[in-house]
Amino acid sequence: MQPIALHLIDYTILIAYVGFVLGIGWALSRYMKSSSDFLTSARSIPTWVTGLAFISANLGALELVGMAASGAKYGIATAHFYWVGAIPAMIFLAVFMMPFYYGSKARSVPEYLKMRFDERVRALNSLAFAVMTIFASGISINALAKLLTNLLPWQLNLSLGMLHLGSYDCYLWICSGVVLLYVLKGGLTSAIYTEVLQFFMIVLGFAPVVYLGMKDVGGWHAMNQTLQGVAMNPSSDYLQAPGIHYSANAWTSAWRPLLEGSAHNPMGVDLFAMVFGLGFVLSFGYWCTNFLVVQRAMAAKNMTAARNTPLVAALPKMLFPFLVIVPGMIAAALMAMPEKNYRIPPPIVSAARYDAAVADVRKADPAQIPDACKAISADLGLNVDQVRIGLLIQANAQARLTDDDIRKGLYDGIAVNDYDSVILSLVRKYCPPGLLGLALTALLASFMSGMAGNVTAFNTVFTYDLYQAYMARNKSDHHYFWVSKIATVGGILLSIAAAYFASMFYNAMDIIQLVFGFVNAPLFATFLLGMFWRRTTGTGAFYGLFGGIGASALFHAVTTVRDNLGPNHEALNKMKGGYLGVHGVFPSEMAQNFWLATFAFLVCLTLTLVISLATKRTKSDEELKGLVYSLTPREVDPNQPVWQRPAVMGLVLLAGCVLLNWIFW
């Protein structure tokens with residue numbers, strides 16, 4: 001993807017946004033007097049702010065890059081991450097779980113686990129959650145560094161002794177530095193208000209991209225017709241391996257391809273994996289136990305505001321597929337329209353690799369195309385389209401092409417899509433000056449606040465649940481205040497390391513769901529039993545959670561995905577599983593993630609049940625009041641109208657969700 005030419009108005013919008021978020025941090029710094037102010041906002045923020053922050057905390061690289069990528073890769077079935085994998089769980093959180101979180105006065109989810117069980121469970125969850133937030137933060141900043149490397153005209157290079165930093169590295173460190181500055185000054189409050197600004201920036205920045213893209217493909221009906229052709233032969237656009245075909249509705253129907261079985265949809269999942277794996281385990285595990293989002297509701301000013309926070313967020317959440325998934329579907333449709341001259345960008349390949357491939361094209365014998373393609377594929381480090389590369393070799397043999405022409409041919413002939421680049425390529429294709437600056441600022445906002453949200457969750461858990469609990473008890477609040485700032489710096493540095501790991505994947509959604517499967521899936525089993533079964537013991541919860549996390553690691557170690565399978569049935573990229581041998585193969589990374597989460601949940605649930613029945617309770621019913629559902633008095637505000645009660649609003653939202661599923665059946 002060639003860099004784009006930014007105009008003065010684009011630079012002005014970008015610089016104004018960066019200056020504004022730094023200003024928010026600076027303005028709020030005067031109110032950061034204690035660790036509570038810095039880490040929990042002293043529970044003082046109104047509902048509308050926490051509601052928008054609740055949805056925006058999830059609106060980083062996962063949402064914009066990952067959902068657009070999955071829209072191209074899997075079609076409208078990606079909307080299940082909203083209508084099955086988000087809304088029901090957000091309603092459950094508001095109605096059933098927020099009274100426990102907020103009423104217990106816990107400062108974090110791990111602290112609640114300490115109150116319900118014991119210190120062992122708290123420590124294990126704290127460590128697992130800290131690792132998860134670092135990876136999620138790294139995914140966000142990796143996506144931003146990719147964006148800037150691909151789109152900005154400045155190619156940065158910096159040498160520090162034996163260490164050489166290219167454009168990707170420089171942008172990664174610069175953007176991380178900006179996030180560090182405003183979080184370090186304003187803490188959680190700064191992150192929350194920046195997330196609210198981000199919400200509006202994303203809507204304003206991407207609604208025009210969706211409109212222009214939809215107009216370009218001829219409207220919704222024309223796009224669906226084109227995607228029906230794509231489904232019949234997805235390999236022509238490198239959406240699947242050669243020889244794989246689906247029914248015509250694979251990209252345009254949310255439910256019918258699932259009912260036909262895992263072999264009949266590009267996501268490679270069946271009804272059980274979707275409903276139980278995503279709709280129950282991953283969904284409830286993320287929205288109900290992930291401190292990153294729960295933290296926003298816990299910052300609300302009272303119990304009513306805390307319970308309403310997920311409900312306020314649920315309404316725009318239902319509509320976001322049209323903003324973030326549809327662009328991916330537009331990209332898949334454009335690939336099938338030769339007159340549009342568009343392709344989903346391939347993975348970034350270094351100039352040195354392109355030079356080697358150009359040299360092999362020049363010396364290739366047109367009579368030996370297969371051998372030449374193998375050499376060129378090795379040069380690029382990626383699979384190539386033998387037909388397109390063969391035509392390129394023949395064209396060069398007939399009339400010597402320029403190096404730039406050969407590079408363009410090689411670019412088009414790479415038979416791999418970098419799905420994370422879908423949204424970036426559409427912004428470049430459709431946005432004129434001014435609108436381009438707004439869209440790029442929306443991307444910048446989402447990635448930076450995604451990193452900031454995870455870092456603020458990390459520093460809270462590290463300070464309260466690891467450092468204060470196990471390393472330095474009974475210190476002054478001023479001491480913990482400064483430790484939280486040091487933890488912020490450490491979280492940023494660890495996130496940068498995680499970004500380099502995330503750069504090895506081509507779909508942010510695939511890797512983040514894998515991380516959630518390791519941490520949130522078994523944790524949800526622990527919460528489910530702990531909140532609704534008083535007999536659950538600390539010993540059962542600890543060994544169940546430990547076993548669930550271990551089970552997810554084992555499952556990943558012995559399974560992989562179809563496109564990662566080598567000629568000897570070995571895993572080619574060990575990051576995608578199979579590093580202890582391949583005993584199970586899934587059609588896609590997403591299918592592998594859903595089944596991994598299901599396996600981890602069931603192992604944790606079973607172990608916790610069995611061990612709890614075999615061990616003695618250490619907490620009485622009196623100690624569990626406010627922590628277990630059956631022992632907690634129901635809170636009803638007599639002054640609150642019936643239609644404003646969480647249960648009633650939840651039913652209305654659930655009805656809207658069912659309606660959307662029916663429309664896109």
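As a basis for the values below, the full set of heavy atoms in this structure was taken, side chains included, without hydrogen atoms, waters or symmetry mates. Along the sequence shown, residues are numbered consecutively beginning with 1.
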Quick one, L93 and M98 - any side-chain contact, counting heavy atoms below 4.5 Å?
yes

Could you walk me through whether Y82 and L319 satisfy the side chain to side chain contact (heavy atoms under 4.5 Å, CB included) test, starting with their C-alpha distance in whole Å, then the side-chain angles of each, then the deciding distance to 0.1 Å, before giving a yes or no?
CA-CA 9 Å; Y82 295 80; L319 303 176; over 6 Å; no

I'd like to know if the side chain of W173 reaches the main chain of I496, judged simply by a donor and an acceptor atom lying under 3.5 Å from each other, with no hydrogens or angles considered.
no

Closest contact, heavy atoms only, L410 versus A357
CD1-CB, 3.6 Å

A123: partners by side chain to side chain contact (heavy atoms under 4.5 Å, CB included), with sequence neighbours left out
Y470

Testing the basics here: between T133 and A130, what is the closest heavy-atom pair and its distance to 0.1 Å?
OG1-O, 2.9 Å

In terms of heavy-atom contacts, K317 and A86 come closest through CE-CB, 4.0 Å

Kindly indicate, with the supporting measurements, whether the criterion side chain to side chain contact (heavy atoms under 4.5 Å, CB included) is fulfilled by Y342 and L426.
CA-CA 9 Å; Y342 171 85; L426 294 180; 4.1 Å; yes

Which residues satisfy the side-chain hydrogen bond (donor to acceptor under 3.5 Å, both in side chains) test with Y354, sequence neighbours excluded?
none

What distance separates M132 CE from L127 CG, expressed to the nearest 0.5 Å?
13.0 Å

For D355 and R407, run side chain to side chain contact (heavy atoms under 4.5 Å, CB included): C-alpha distance rounded to whole Å, both residues' side-chain angles, the deciding distance at 0.1 Å, then the answer.
CA-CA 8 Å; D355 290 342; R407 286 192 181 92; 2.5 Å; yes

Quick one: ring pair (Phe, Tyr, Trp, His ring centres under 6.0 Å) partners of F524, sequence neighbours excluded?
F280, F284, F601

Geometric class of the H478/F481 ring pair [parallel <30°, tilted 30-60°, perpendicular >60°]
tilted

Of the non-hydrogen atoms in A332 and A72, which two are nearest, and what is the gap between them?
CB-O, 4.0 Å

Distance (rounded to the nearest 0.5 Å) between L493 CG and S495 OG:
8.5 Å

Among pairs that include at least one residue of residues 460-474, which meet salt bridge (Lys or Arg N to Asp or Glu O under 4.0 Å), considering only residues two or more places apart or in two chains?
R122-D465

By side-chain hydrogen bond (donor to acceptor under 3.5 Å, both in side chains) - contacts of K475 (at least two apart):
none

Considering only heavy atoms from C-beta outward, does the side chain of I325 approach that of F81 to under 4.5 Å?
no

Are the side chain of D10 and the backbone of G434 linked by a donor-acceptor contact shorter than 3.5 Å?
yes

Looking at side-chain heavy atoms only, is the closest gap between I134 and F458 below 4.5 Å?
yes

From W287 CH2 over to N520 CG, what is the distance, rounded to the nearest 0.5 angstrom?
11.0 Å

Checking the side chain of S476 only, and the main-chain atoms of H479 only, is there a donor and an acceptor separated by less than 3.5 Å?
yes

Which heavy atom of T463 sits nearest to which heavy atom of N459, and what is that distance?
OG1-O, 2.7 Å

What distance separates H7 NE2 from T12 OG1, expressed to the nearest 0.5 Å?
12.0 Å

Could you check whether any side-chain heavy atom of V210 comes within less than 4.5 Å of a side-chain heavy atom of P327, counting everything from C-beta outward?
yes

Supply the atom-to-atom distance Y480 OH to I486 CD1, rounded to the nearest 0.5 angstrom.
13.5 Å

Side-chain contact test, heavy atoms from C-beta onward, threshold under 4.5 Å: evaluate it for F135 versus N454 and give yes or no.
no

Considering only heavy atoms from C-beta outward, does the side chain of Y430 approach that of L435 to under 4.5 Å?
no

Minimum side-chain heavy-atom gap P345-Y411 below 4.5 Å:
yes

My understanding is that only residues two or more places apart in sequence, or in another chain, count here; which of them pass ring pair (Phe, Tyr, Trp, His ring centres under 6.0 Å) with F322?
F664

Over all atoms of both residues, closest heavy-atom pair of L438 and L204:
CD2-O, 3.6 Å

Is it true that a side-chain atom of T78 and a backbone atom of S70 form a donor plus acceptor pair closer than 3.5 Å?
yes

Heavy-atom donor-acceptor pair, D418 side chain to P347 backbone, under 3.5 Å:
no

Out of curiosity, C431 SG to L440 CG, how far, rounded to the nearest 0.5 Å?
7.5 Å

Side-chain contact, heavy-atom cut-off 4.5 Å: Y500 with N142?
no

